[in-house]
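Just follow the structure's listing: the first ligand is 1, and inside any ligand the first atom is 1.
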Amino acid sequence: MSAPILTLDRLSVAYGRVEAVREVSLAVPEGAIVTILGPNGAGKTTLLSAIMGILPSRGGATFRGTPLSRRSVEDRVADGMSLVAEKRELFVTMSVEDNLRLGGFRRRGTPGFGETLEAMWALFPRLLERRTQLAGTLSGGERQMLATARALMSAPRLLMLDEPSLGLAPLIVKEIFRAIADLRRTGVSILLVEQNARAALELADYAYVLENGEVVLEGPAAELRRDERVIATYLGIKAVAT
Ligand code: ATP
């Protein structure tokens, strides 16, 4: 695999005296899709927030070869990081298109801006159909598409997605995962937090399993799909038959 775009070296994150993430080491190779699986409360959201610089952390972390310790959230965005949070917060009184334009405001007027907008319509044709609709009137799945597309408008090198399938109907989940698979071809690296382990392991190159704030298992996604512990805990009995 290629050199990592992101590395974490024994990264810990605490809420007061409670350590929610403990000495997590991981790497996201350039252009790869890496997934973090784990039950509710394992520390997945906390970890993404720390990588983005929203929460303070201890330990080492580098992005594109540069230590993250002194980088603010704004610096990290400018360096090419983007996070789609679980809440999918949008500008609800603005149109779909204006949400996208705002997502790329740092790049407005640059040569690639119009192309990125066109690429978003191609990636999510539903958003093009709803171009002038207010974001607050979108369905849950469309909100996820818009939140993802808005994050992509800043042309990130690393896109972090927190539970993109949460609360969505299976058909919509399929569409979202299809779009994430399409993104691979653009060269963006992806760090995907998911509870839908089956879908995530089908898509990802490499996976980490987080439990109680610690990495308890890691490996190529194809191997984890066959791992008995993963099958029993995260894939359910159906995986044995398939
Ligand atoms: P979920 O899928 O339910 O979001 P998660 O794996 O993302 O789970 P986190 O949300 O990162 O887990 O939570 C990790 C631990 O940190 C949990 O024990 C949680 O209760 C705790 N925690 C999360 N946010 C806070 C906070 N703001 N203050 C104190 N403790 C928190």
Side-chain angles (χ1 to χ4, degrees), residues 6-28 33-61 63 68-69 72-73 76-77 81-90 140-141 143-148 151 156 158-170 172-173 176-177 180 189-204 206-219 221 224-225 227 229-236 239:
L6 175 79
T7 61
L8 304 183
D9 181 20
R10 286 172 287 160
L11 196 89
S12 299
V13 191
Y15 294 106
R17 288 160 71 179
V18 180
E19 272 207 326
V21 169
R22 267 173 288 173
E23 306 217 328
V24 166
S25 296
L26 66 75
V28 178
I33 301 181
V34 172
T35 188
I36 302 175
L37 310 173
N40 278 330
K44 306 181 298 297
T45 299
T46 302
L47 184 61
L48 291 189
S49 302
I51 296 169
M52 200 65 227
I54 299 163
L55 287 175
S57 57
R58 284 187 296 110
F63 180 58
L68 278 174
S69 50
S72 65
V73 177
R76 293 176 202 217
V77 172
M81 257 190 211
S82 201
L83 168 66
V84 183
E86 200 179 303
K87 285 187 189 135
R88 306 164 190 163
E89 276 161 359
L90 300 167
R143 278 170 177 254
Q144 180 61 46
M145 291 175 196
L146 182 54
T148 306
L158 174 70
L159 178 69
M160 295 189 279
L161 297 165
D162 194 356
E163 305 258 9
S165 76
L166 191 75
L168 304 182
I172 298 286
V173 172
I176 304 254
F177 273 75
I180 300 172
S189 311
I190 295 172
L191 184 56
L192 170 70
V193 158
E194 254 301 333
Q195 292 222 17
N196 186 338
R198 186 181 302 275
L201 287 175
E202 266 167 32
L203 191 66
Y206 200 87
Y208 294 85
V209 178
L210 204 62
E211 284 176 9
N212 294 318
E214 289 178 307
V215 174
V216 293
L217 198 61
E218 69 173 276
L224 258 64
R225 279 205 300 266
D227 185 283
R229 191 165 152 201
V230 173
I231 291 170
T233 316
Y234 297 104
L235 298 179

Determine the minimum heavy-atom distance between A151 and L159, stating which atoms define it.
CB-CD1, 3.8 Å
Listed partners of A200 passing side-chain contact (heavy atoms from CB on, under 4.5 Å), at least two apart:
T35, L37, L192, E194
Among residues at least two apart in sequence or on other chains, which ones pass side-chain contact (heavy atoms from CB on, under 4.5 Å) with S12?
E19, E23, R58
F63: which residues meet the ring pair (Phe, Tyr, Trp, His ring centres under 6.0 Å) condition with it, sequence neighbours left out?
none
Nearest 0.5 Å, please: how far is CG in D9 from OG in S25?
5.0 Å
Which of L6, L26, V28 passes side chain to side chain contact (heavy atoms under 4.5 Å, CB included) with V34? Answer is V28
Residue shell for ligand 1, any heavy atom closer than 4.0 Å, reads Y15, A20, P39, N40, G41, A42, G43, K44, T45, T46, E86, E163, Q195
